[in-house]
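Given the structure is predicted, the values throughout are model-derived calculations rather than measurements.
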Amino acid sequence: MSLLIDAWTVLAVFSGVFFFLAGTVGLLRFPDALTRLHALTKADNLGLGLIVFGLLPQAVDVWMALKLIVIWLLVLIAGAVVSQRVARVARAQESGQ
Amino acid sequence: MADLLLWAAVIVLALTAAGLLRLLRGPGAADRIMAGQLFGTGGAAVLLLLGAGGAYAAIDVALTLALLSAFVSLTFAVYAGRAGTRQALGRGEE
């Protein structure tokens, strides 16, 4: 049983790290501000989401698991709001040049 | 298992540091905000991985960092859009 839990953790955490890699490479390589924003939100939501999803079975008690989920929801909401504002700044930046 | 999570934390930290290149090169304010937000989320991810590995207090630190990085990025985004800021940054000619 514990092997299954460890396998779940390893699989989810390292797929989360992979999405972080994809998001960071996208942030560095993409030509335009808005495409970078697209890559960044992948790294944010999916990378951190999968890492938290992988860490859930490792939680010692229920409160720790709830804290992990609260962090994930906070980053999701913050990411959504910040992405809207960043897209507005990127749009203004494009039209400004 | 704990050292495996430690290695994942090291990888995510390296990726977040690489993301800071965008902060250096970013042509506009939008790219710098994105790098700042990636830094916040990446830092929170590293702290979570370390926290689940053994140092359970790091999870509360990650919660605080995630909260603060949200406000930092939001404030930066709001003030970068203002004409006054663009004036101050010497790009107010449009």
Side-chain angles (χ1 to χ4, degrees), chain A residues 2 5-6 9-10 13-14 16-18 20-25 27-30 33-34 36-37 39-41 43-45 47-48 51-52 54-61 64 67-68 70-72 74-75 77-79 81-97, chain B residues 1-2 4-5 7-9 11-12 14-19 21-22 25-31 33-38 40-42 44-49 51-53 56 59-60 62-67 69-81 83 86 91-94:
Chain A
S2 75
I5 289 175
D6 287 352
T9 301
V10 166
V13 164
F14 277 95
V17 169
F18 167 72
F20 246 103
L21 172 73
T24 307
V25 166
L27 186 70
L28 293 177
R29 298 293 298 173
F30 278 170
L34 286 176
R36 285 185 205 125
L37 180 62
L40 170 75
T41 44
D44 264 0
N45 304 341
L48 189 72
I51 287 177
V52 164
L55 291 182
L56 281 183
Q58 301 288 336
V60 185
D61 53 11
M64 186 169 153
K67 221 181 287 184
L68 287 173
V70 161
I71 290 177
W72 184 10
L74 177 65
V75 169
I77 295 168
V81 173
V82 168
S83 299
Q84 294 295 331
R85 294 302 305 191
V86 169
R88 185 179 299 218
V89 170
R91 179 65 60 200
Q93 182 184 309
E94 262 171 32
S95 60
Q97 265 139 15
Chain B
M1 176 48 72
L4 207 63
L5 295 180
W7 279 110
I11 295 172
V12 172
L15 288 175
T16 311
L21 280 180
R22 176 52 57 198
R25 277 190 305 165
D31 311 287
I33 304 170
M34 286 187 229
Q37 195 192 351
L38 178 71
T41 309
V46 167
L47 284 166
L48 281 183
L49 287 167
Y56 298 121
I59 291 180
D60 306 331
L63 181 67
T64 316
L65 178 63
L67 187 65
S69 80
F71 285 116
V72 166
S73 308
L74 202 56
T75 312
F76 195 172
V78 167
Y79 282 104
R86 281 206 295 278
R91 279 193 238 95
E93 63 275 359
E94 78 263 0

Taking all non-hydrogen atoms of both residues, which atom of [X] and which atom of [Y] are closest, and how far apart?
X       : Y       : result
B:Ser69 : B:Gly40 : CB-CA, 3.6 Å
A:Pro57 : A:Ile5  : CB-CG2, 3.5 Å
B:Thr16 : B:Gly42 : OG1-CA, 3.6 Å
B:Ala44 : B:Ala62 : O-CB, 3.7 Å

Exercise. Is A:Leu34 close to A:Arg91 at the side-chain level, that is, under 4.5 Å between some pair of heavy atoms?
Worked result: yes
Exercise. Under 4.5 Å between any side-chain heavy atoms of B:Pro27 and B:Arg22, yes or no?
Worked result: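 A side-chain contact exists here, since the closest heavy-atom pair is under 4.5 Å.
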Between [options], who has the most heavy-atom pairs with chain A when the cutoff is under 4.5 Å?
options                           : answer
B:Ala66, B:Ala35, B:Ala8, B:Ala14 : B:Ala8
B:Ile33, B:Val12, B:Leu21         : B:Val12
B:Leu49, B:Leu67, B:Ile11         : B:Leu49

Chain A contact via [X] - side chain, backbone, both or neither, heavy atoms under 4.5 Å:
X       : answer
B:Leu74 : both
B:Met1  : side chain
B:Leu48 : both
B:Leu5  : side chain
B:Phe76 : neither

So for [X], is it side chain, backbone, both, or neither that comes closer than 4.5 Å to the heavy atoms of chain B?
X       : answer
A:Leu74 : side chain
A:Val52 : side chain
A:Val86 : both
A:Phe20 : both
A:Thr41 : neither
A:Leu21 : both
A:Leu48 : side chain
A:Val75 : side chain

Please round to the nearest 0.5 Å and tell me the distance separating atom [atom1] of [X] and atom [atom2] of [Y].
X       : Y       : atom1 : atom2 : result
B:Leu63 : A:Leu68 : CG    : CG    : 10.0 Å
A:Leu37 : B:Gln37 : CG    : CD    : 8.0 Å
A:Ile71 : B:Thr41 : CD1   : OG1   : 11.5 Å
A:Arg29 : A:Thr24 : CZ    : OG1   : 13.5 Å

Exercise. Is there a donor-acceptor pair closer than 3.5 Å between any side-chain N or O of A:Thr9 and the backbone N or O of A:Leu55?
Worked result: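 Judged by distance alone, no pair lies under 3.5 Å.
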Problem set entry | Winner by heavy-atom pair count (cut-off under 4.5 Å) against chain B, out of A:Val10, A:Leu27, A:Ile51 | A:Leu27
Problem set entry | Greatest number of heavy atom pairs closer than 4.5 Å to chain B - which of A:Gln58, A:Arg36, A:Arg85 |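 Max contact count across the listed options: A:Arg36.
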